[in-house]
There are 2 protein chains.
Amino acid sequence: MIDKAIQAITEPRRRDILHLVRDEELTSSAIASHFDISAPAISQHLKVLEEAGLVVVRRAGTKRFYGIRREGFAELMQYIESFWDHSLLRLKEAAEEEERRKHGNNEQ
Amino acid sequence: MIDKAIQAITEPRRRDILHLVRDEELTSSAIASHFDISAPAISQHLKVLEEAGLVVVRRAGTKRFYGIRREGFAELMQYIESFWDHSLLRLKEAAEEEERRKHGNNEQ
DNA sequence: CACTTAATTAAGTGTCAACTTAATTAAGTG
DNA sequence: CACTTAATTAAGTTGACACTTAATTAAGTG
């Protein structure tokens with residue numbers, strides 16, 4: 001799922017869509033009105049975002065309201081954070097390495 | 001830059017590369033040895049990651065050591081967080097909306 | 001049920017980016 | 001300087017994916 005989420009936010013128009021629905025639920029056609037690409041294109045983007053767990057749909061008659069799915073972004077954040085956290089370890093080691101180098105060792 | 005960073009982490013092999021260099025600096029060839037794609041392919045991936053600000057290079061003779069660049073991931077996290085934070089607002093509004101609906105209103 | 005509205009699915013097309021091999025750059029070593 | 005090692009740049013190929021228009025599904029309304 002994290003794979004799909006990252007894949008999903010890559011496409012710039014999908015990020016624009018996410019910005020639009022970030023603060024309020026919008027229908028497919030309301031979203032489409034903000035772009036100059038066809039409605040089916042928007043629909044396809046929404047499908048990708050939904051399958052990535054980044055948006056949710058709420059049906060109301062013939063309309064479908066799309067909105068942000070916070071859990072999806074939580075997963076994404078955790079993923080990004082994992083690089084940050086692990087690299088802290090490396091940073092510590094690098095500092096020690098630096099220390100050793102100052103004292104006359106050559107790496108490799 | 002955030003565009004490039006997101007673009008960069010989309011490609012699965014680049015994420016694998018990031019995992020490899022997350023805890024220790026590695027040379028291009030050391031990284032390449034973990035995959036069954038050609039060295040130039042790895043080199044091209046590393047270039048993308050560097051231009052996205054996600055890795056840094058340290059030259060040492062003919063070797064080039066690649067490692068994580070934490071600031072790049074910080075930017076990424078902030079971007080993802082922005083969706084999370086803003087959606088909190090929406091969540092609050094949604095709760096109020098829900099309240100209104102219970103009291104007999106129909107949305108649209 | 002015929003018609004409208006909202007949106008999707010289907011089918012086909014063009015572009016781009018992830019690879020390939022070959023050639024080149026760059027640093028070091030006898 | 002010739003040779004080796006490490007890595008990149010160059011040039012060309014292929015597949016995926018973001019579009020398009022046309023057709024279809026689904027819900028509601030006279």
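Small disclaimer: the values here were computed from a predicted structure and weren't measured. In what follows, every chain begins at residue 1, and chains take the letters A, B, ... in the order their sequences are listed.
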Next on the checklist: Using a heavy-atom cut-off of 4.0 Å across all strands, would you classify A:Ser38 as base, sugar-phosphate, or nothing?
Outcome noted: base

Checklist entry - When all nucleic acid strands are considered with a 4.0 Å heavy-atom cut-off, which category describes A:Gln44: base, sugar-phosphate, or nothing? => result base

Of all the heavy-atom pairs spanning [X] and [Y], show the shortest one and how long it is.
X       : Y       : value
A:Tyr66 : A:Leu46 : CE1-CD1, 3.6 Å
A:Ala32 : A:Ala39 : CB-CA, 4.5 Å
A:Leu54 : A:Gly72 : CD2-C, 3.8 Å

Would you kindly give the [atom1]-to-[atom2] distance between [X] and [N], to the nearest whole Å?
X       : N      : atom1 : atom2 : result
A:Ile42 : C:dA6  : CD1   : C1'   : 14 Å
A:Glu50 : C:dA7  : CD    : P     : 13 Å
B:Phe35 : C:dC19 : CZ    : P     : 10 Å
B:Glu51 : C:dA17 : CD    : P     : 12 Å
B:Tyr66 : D:dT8  : OH    : C1'   : 8 Å
B:Gln7  : C:dC16 : CD    : P     : 12 Å
B:Leu49 : D:dT8  : CG    : P     : 12 Å
A:Leu46 : D:dA18 : CG    : P     : 13 Å

Item to check | From C:dC19, C:dA6, D:dA7, nucleotide with atom closest to A:Lys63 side chain | outcome: C:dA6

Checklist entry - Which one, C:dA18, D:dC19, D:dA7, comes nearest to the side chain of B:Ser29? => result D:dA7

Considering every strand shown, what is the Watson-Crick or G-U wobble mate of [N] when both distances are under 3.5 Å?
N      : answer
C:dA10 : D:dT21
D:dG30 : C:dC1
C:dC16 : D:dG15

Checklist entry - A:Ile6, B:Met1: one ILVMFWY side-chain cluster at the under-4.5 Å cut-off? => result no

Next on the checklist: Over 60° means perpendicular and under 30° means parallel, so tell me whether B:Phe73 and A:Phe83 are parallel, tilted or perpendicular.
Outcome noted: parallel

Next on the checklist: What I'd like to find out is whether the side chain of A:Arg64 reaches to under 4.5 Å of the side chain of A:Arg58, using heavy atoms alone.
Outcome noted: no

Checklist outcome for this item: The answer to which of A:Pro40 and A:Thr62 contacts DNA chain D further toward the 5' end, by nearest nucleotide, is A:Pro40

Checklist outcome for this item: When A:Ile37 and A:Gly61 are each assigned the nearest nucleotide of DNA chain D, the 5'-most assignment goes to A:Ile37

Just N and O in the side chain of [X]: are any of them under 4.0 Å from OP1 or OP2 of [N]?
X       : N      : answer
A:Ser43 : C:dT8  : yes
B:Arg13 : C:dC19 : yes
B:Arg14 : C:dA18 : yes
A:His45 : D:dC19 : yes

